[in-house]
Protein chains: 2
Amino acid sequence: MTRERIVGDGRDTAFRRPTINDVAALSGVSKSTVSNVMRQTGSVSDATRRRVVEAVERLGYRPNATARNLVMQRTNLIGVLVGDLANDFNAELVKRIEQHASAAGYTTLVCNTGGHAEREGSRIEALLEQRVDGIALLDFTGDRAVLSQLLGERVPVAMVSCWSEYADCVAVDDMVGVGLAVQHLVELGHRRIAYAVDPLMEATTRHSRAEAFDRVMLRSGLPPRSEWTVLCGTGDDGGDDAAMLELLRGEAPPTAIVAANDHTAIRLMELLEGAGRAVPGDVSLAGIDGIDTAGLSRIALTTVAQPKEELASLGVALLLGRIESGYDAPPQQRRLRPALIVRQSTAPPR
Amino acid sequence: MTRERIVGDGRDTAFRRPTINDVAALSGVSKSTVSNVMRQTGSVSDATRRRVVEAVERLGYRPNATARNLVMQRTNLIGVLVGDLANDFNAELVKRIEQHASAAGYTTLVCNTGGHAEREGSRIEALLEQRVDGIALLDFTGDRAVLSQLLGERVPVAMVSCWSEYADCVAVDDMVGVGLAVQHLVELGHRRIAYAVDPLMEATTRHSRAEAFDRVMLRSGLPPRSEWTVLCGTGDDGGDDAAMLELLRGEAPPTAIVAANDHTAIRLMELLEGAGRAVPGDVSLAGIDGIDTAGLSRIALTTVAQPKEELASLGVALLLGRIESGYDAPPQQRRLRPALIVRQSTAPPR
DNA sequence: GTCGGTTTGTGGAAGGTTCCAATTTCACGG
DNA sequence: CCGTGAAATTGGAACCTTCCACAAACCGAC
């Protein structure tokens with residue numbers, strides 16, 4: 001039962017975790033009975049149960065999930081793929097997803113892709129090798145190879161706050177969200193409105209919000225101008241903050257900016273004020289997401305808040321539903337309604 | 001090789017992932033050879049290798065990590081326990097830890113404990129069942145039962161930004177950190193300095209910073225007053241924001257506050273300004289951690305920044321070191337030096 | 001050809017569970 | 001005391017790998 005000592009330095013003894021067989025031997029029953037006791041299945045007499053429980057405690061036995069996973073073809077693990085955990089919105093979402101998942105008995109594997117398709121692919125590969133029961137995608141680079149890799153694998157996938165027609169999805173209705181922001185600005189009197197894109201943002205959402213912006217502007221009788229859609233960023237991410245400043249320096253510049261997400265809106269707020277433009281004095285600024293930081297009174301960013309809690313709970317529910325009741329069912333897609341939160345970063349134009 | 005159809009609705013066919021045996025059968029070699037090809041071990045002829053690789057691709061074979069884990073007694077999984085992922089500092093740390101771990105071939109299991117010892121215990125239990133190779137503790141409630149549970153398990157543990165004499169640790173030197181903050185305030189002319197505690201904060205760090213504060217104050221010839229150490233919080237977390245406001249309303253109130261972390265400092269900034277106290281006009285405010293939000297020009301919080309990148313990389317290095325070169329070695333403990341970042345939330349007293 | 005040595009390939013055990021069919025034990029009525 | 005059905009218990013197969021000792025094939029030299 002115990003192995004021999006391995007080395008001579010006197011402190012390293014072969015250490016073996018107790019197995020179900022050790023428990024069986026100590027309590028004088030078969031491993032099947034121990035298994036039944038541990039899982040509370042089958043029928044075992046009280047006396048036997050007590051003896052087994054005692055042996056379990058004496059030995060400090062803990063079932064080996066690895067072995068269980070192998071035989072059950074089930075790991076109770078779910079993977080969460082996120083672009084940038086340092087983005088408040090993602091962090092909050094992941095936190096809530098982990099909570100719901102663990103309440104349902106699942107443990108969460110988190111992978112940060114940094115928005116690189118290559119990394120995304122390799123992390124998915126790792127998740128699939130670990131035989132996760134399902135994957136929640138919070139960010140998706142949109143890389144076609146990755147998508148087909150995933151779809152070809154028959155692994156349940158739920159997209160949370162992003163979108164694909166082939167998988168279960170839950171996301172905010174971007175037409176409504178962007179509409180709320182634009183309408184608010186229009187009501188304040190703005191006519192010249194620019195749109196700031198975050199190059200690091202998840203691809204499907206990025207497109208859908210950008211498209212929504214154009215449609216909403218048109219609907220408000222304000223034909224969008226393509227040069228007023230600016231990719232903002234520090235440079236190494238493919239965006240160009242200078243372009244936005246340039247735009248504001250031109251004649252008849254935008255009097256308001258809708259940013260594709262709060263993270264960008266707050267960066268922009270820094271940028272503008274650093275360049276001597278007051279917010280909302282010179283330019284109004286609205287974001288999307290509703291991160292906590294936007295609510296600080298010193299930031300006071302007007303934003304279209306996503307219902308994070310519903311996003312997380314519905315996302316987990318969709319994923320677990322697919323895991324537990326079969327892979328083959330038409331994808332379920334849920335659109336949630338966002339809510340406008342008006343703060344002090346927006347005001348009537350000069 | 002393929003199983004029979006299962007149900008009659010015509011779309012659900014028993015699906016089995018290909019195993020190493022399927023590959024072996026298709027390519028006409030033994031599973032051992034397939035294994036050798038996959039792991040690039042042993043010696044296999046070019047011709048055979050090609051045939052195997054082709055079969056692997058045809059079948060879409062992916063090694064089953066579950067089976068491998070079982071036989072290798074190794075999962076290449078590490079657990080990360082964090083109190084609150086929605087706290088910027090933690091999110092950034094987790095992100096970096098995940099990066100380092102995955103670069104080293106490990107996948108990361110993230111658990112959010114919410115600061116509850118009970119939840120902490122149950123999440124650790126889950127991690128141990130999954131047979132993670134090691135656990136990184138970013139937050140530790142300090143619960144003794146949990147600690148002994150962990151220490152009794154012979155599982156490698158590294159504490160990142162928290163401390164225990166029994167495990168590998170890497171954290172900032174709190175005496176130095178708090179010292180920098182206090183010294184800065186003293187140099188500005190403050191004599192009456194309060195200390196704001198975050199009740200949700202990780203226990204060991206909370207104590208060490210609180211103790212450091214007292215010692216540093218004493219050293220500066222400013223005997224700390226116990227009623228000036230205030231547990232700040234919304235109430236449901238055990239803290240009491242009102243108490244801090246009360247304190248400021250008294251006579252000869254503190255002219256400066258050191259907060260145990262940036263998160264609390266920023267909350268306090270909101271609170272104070274909401275109550276009509278200007279920062280830094282009426283009260284100076286300094287935090288600890290150096291989160292990104294503190295650097296926003298509208299927040300401009302003076303803070304003692306932790307070297308996040310070193311914390312993460314060293315933490316992972318310590319953990320992997322212990323995993324890969326033996327459990328029994330004296331704990332390694334590393335103290336890093338924090339750095340003061342002076343911004344606009346601190347100024348000379350009135 | 002045969003011999004030694006190297007390269008290449010193989011079969012089977014082990015790893016720790018769950019599940020199921022089969023067996024043993026038990027309690028009770030006849 | 002036997003038979004019966006239910007309750008309790010058990011042994012072995014299966015899950016999919018890795019690893020190791022061993023076998024087969026091959027090669028060049030004599």
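Sequence lines set the chain letters: A, B, ... in the order given, protein chains first and strands last, and positions in each chain run from 1. Keep in mind it's a predicted model, so treat the numbers as computed, not measured.
- Per the geometry, CZ belonging to A:Arg131 stands 14 Å off P belonging to D:dC15, to the nearest Å.
- Looking at which nucleotide of DNA chain C each of A:Arg39 and A:Arg17 is closest to, the 5′-most match is held by A:Arg17.
- A salt bridge does not link A:Asp168 with A:Arg334: none of the charged nitrogens is closer than 4.0 Å to a carboxylate oxygen.
- At a threshold of 4.0 Å, the pair A:Arg119-B:Glu98 counts as salt-bridged, since one of the basic side-chain nitrogens sits closer than that to a carboxylate oxygen.
- For A:Ile20 and C:dG15, the CD1 to P distance is 15 Å, given to the nearest whole Å.
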Identify each atom pair where a protein N or O and an N or O of nucleotides 21-27 of chain D are less than 3.5 Å apart, giving names and distance.
none

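- B:Arg39 and B:Ser35 are linked by a side-chain donor-acceptor pair at a separation below 3.5 angstrom, with hydrogens and angles left out of the test.
- Residue B:Gln73 has no polar side-chain atom (N or O) positioned under 4.0 Å from OP1 or OP2 of D:dT18.
- We find that CD of B:Gln130 is positioned 13 Å from C1' of C:dT17, with the value rounded to whole Å.
- Note on A:Glu129 versus B:Arg62: no salt bridge recorded, every NZ/NE/NH1/NH2 to OD/OE distance being 4.0 Å or above.
- Rounded to an integer number of Å, the gap from CG of B:Asp22 to P of D:dC15 is 11 Å.
- Between B:Arg50 and B:Glu54 there is no salt bridge, since no side-chain nitrogen of the basic residue lies less than 4.0 Å from a carboxylate oxygen of the acidic one.
- Counting heavy atoms from C-beta on, the side chains of A:Thr33 and A:Thr48 come closer than 4.5 Å.
- Taking atom CG on A:Asn64 and atom P on C:dA14, their separation rounds to 18 Å, with Å as the unit.
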Exercise. Could you run down nucleotides 5-14 of chain D 5' to 3' and tag each one B, S or - for protein heavy-atom contact under 4.0 Å?
Worked result: ---BBBBBBB
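- The closest side-chain donor-acceptor pair between A:Gln149 and A:Glu125 falls under 3.5 angstrom.
- A residue-by-residue look at A:Met72 and B:Arg68 shows that B:Arg68 has its nearest nucleotide of DNA chain C further toward the 5' end.
- Remark: the A:Thr41 side chain and the A:Asn36 side chain contain an N/O donor-acceptor pair separated by less than 3.5 Å.
- Distance CZ (B:Arg74) to P (D:dC19): 12 Å, rounded to an integer number of Å.
- Contact check on A:Arg96 versus A:Glu310 returns no salt bridge, with no Lys/Arg side-chain nitrogen under 4.0 Å from an Asp/Glu carboxylate oxygen.
- Distance CG (B:Leu70) to C1' (C:dG15): 4 Å, rounded to an integer number of Å.
- Remark: P of D:dC19 and CE of B:Met38 are 14 Å apart, rounded to the nearest angstrom.
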